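The structure under discussion appears below in the form of structure tokens.
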Amino acid sequence: MSGENDVPEVVASVGPLDPVVVLLREFLHRSGALRAVAVVEGEPGEEPAVVDVRRLHPTEVEVGGRVVLLPHAIELDVPAPAELPSVRRMAPFEVDAEKGEIAAPPGGVAHLAGAVRDLAGVLGGRNVAMVQFETSRPEAPLAITARAGATDPLVLALGEDEFEMDPGWPDPPAG
């Protein structure tokens with residue numbers, strides 16, 4: 001177990017989590033996100049691992065109470081993901097965090113939400129993806145959280161305020 005004053009070890013690989021690192025990095029770069037995080041279920045009886053990829057920061061991986069850092073630009077010996085969610089870069093959204101309002105191009109938030117849901121789907125299992133996108137208020141990024149399987153509603157957050165979306169959103173109702 002690491003103490004709060006321990007300096008995390010810098011590593012060149014996180015073994016079986018390397019594909020998750022590559023997937024999150026690729027999504028981060030393609031989407032222009034600030035941060036992409038995956039909570040990946042462990043073996044039975046083990047705590048989940050947390051892989052945290054941030055723009056221009058080392059990748060932080062926590063497994064079994066141990067935190068390690070992976071240099072952001074380090075090449076990992078795994079292929080690029082075969083399937084990667086389709087995602088477009090968006091300009092930072094104008095937000096009013098106090099009112100919970102987002103001004104975005106039509107379909108912009110839905111597009112990013114669908115891409116994060118698809119990212120969680122690529123992670124598979126009951127794994128979770130959370131991605132933060134830049135807004136006009138640096139202290140209030142837009143965070144979108146999705147669980148693989150697409151059965152749980154997406155959760156959007158602006159700063160500290162969370163909003164659980166209607167089940168099935170952002171897909172249009174079947175009709």
Side-chain angles (χ1 to χ4, degrees), residues 1-90 92 108-135 138 141-157 162 165 170:
M1 190 75 134
S2 298
E4 65 181 64
N5 293 324
D6 290 347
V7 175
E9 178 184 1
V10 176
V11 298
S13 170
V14 285
L17 292 171
D18 283 354
V20 175
V21 172
V22 171
L23 173 65
L24 293 179
R25 259 196 225 155
E26 193 64 29
F27 189 88
L28 184 97
H29 295 154
R30 289 183 184 206
S31 68
L34 296 169
R35 179 180 186 198
V37 179
V39 179
V40 181
E41 59 190 340
E43 296 296 319
E46 291 181 6
E47 292 291 316
V50 178
V51 179
D52 188 346
V53 178
R54 294 174 187 245
R55 191 188 293 173
L56 304 175
H57 285 84
T59 297
E60 186 175 290
V61 179
E62 181 178 354
V63 182
R66 179 175 173 234
V67 176
V68 296
L69 298 177
L70 201 64
H72 186 81
I74 197 165
E75 291 291 326
L76 297 172
D77 193 22
V78 295
E83 52 180 301
L84 191 67
S86 174
V87 63
R88 292 185 316 269
R89 284 180 178 253
M90 300 276 176
V109 175
H111 167 74
L112 294 177
V116 173
R117 182 191 55 217
D118 294 347
L119 176 65
V122 173
L123 291 168
R126 294 281 299 148
N127 299 322
V128 174
M130 186 281 296
V131 182
Q132 288 182 332
F133 298 94
E134 195 171 1
T135 70
L142 170 64
I144 302 173
T145 303
R147 181 180 297 278
T151 55
D152 295 347
L154 295 170
V155 176
L156 274 59
E162 292 186 354
M165 304 311 289

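This one's a predicted model, so the numbers in the text were calculated from it and none came from an experiment.
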Can you give me the closest heavy-atom contact between Ala115 and Ser86, atom names plus distance? CB-O, 3.6 Å

So, taking the atom named CG in Leu56 and the one named CG in Leu34, what distance separates them when rounded to the nearest 0.5 Å? 10.0 Å

May I ask you to test the Val63-Val14 pair for a side-chain heavy-atom distance under 4.5 Å? no

Locate the shortest heavy-atom distance separating Val39 from Pro48; write the atom from each residue and the value. CG1-CB, 3.8 Å

Looking at OG1 of Thr59 and CZ of Arg54, how far apart are the two atoms once the value is rounded to the nearest 0.5 Å? 10.5 Å

Using side-chain heavy atoms (C-beta onward) and a distance below 4.5 Å, is Thr145 in contact with Val116? no

Quick one: CE on Met165 to CZ on Arg117, what's the gap to the nearest 0.5 Å? 12.0 Å

Check: residues 70-81 side-chain donor-acceptor pairs under 3.5 Å, at least two apart:
from: His72; atom 1: ND1; to: His57; atom 2: O; distance (Å): 3.4
from: His72; atom 1: NE2; to: His29; atom 2: NE2; distance (Å): 3.0

Given the rule in the side-chain contact (heavy atoms from CB on, under 4.5 Å) test, do Val61 and Arg66 qualify, once you have shown the distances and angles that lead to the verdict? CA-CA 8 Å; Val61 179; Arg66 179 175 173 234; over 6 Å; no

Can you name the nearest heavy-atom pair linking Val109 to Ile144, along with the distance? O-CD1, 4.5 Å

Salt bridge (charged side-chain N to carboxylate O under 4.0 Å, His left out) involving Asp18 - partner list, sequence neighbours excluded: none

Output for pair (Glu83 CD, Leu119 CG), nearest 0.5 Å, gives 10.5 Å

If every non-hydrogen atom of Ala113 is compared with every non-hydrogen atom of Pro170, which pair is closest and at what distance? CB-CG, 4.2 Å

Contacts of Arg88 that satisfy salt bridge (charged side-chain N to carboxylate O under 4.0 Å, His left out) - sequence neighbours left out: none

Nearest 0.5 Å, please: how far is CG in Leu24 from CG in Leu123? 6.5 Å

Backbone N/O of Gly32 and side chain of Arg55: donor-acceptor pair under 3.5 Å: yes

Result for side-chain contact (heavy atoms from CB on, under 4.5 Å) between Glu41 and one of Glu46, Arg126, Glu47 points to Arg126

Does the side-chain contact (heavy atoms from CB on, under 4.5 Å) test come out yes or no for Val50 and Val37, once each step is laid out? CA-CA 7 Å; Val50 178; Val37 179; 3.9 Å; yes

When rounded to the nearest 0.5 angstrom, what distance separates CE in Met130 from CG in Asp52? 7.0 Å

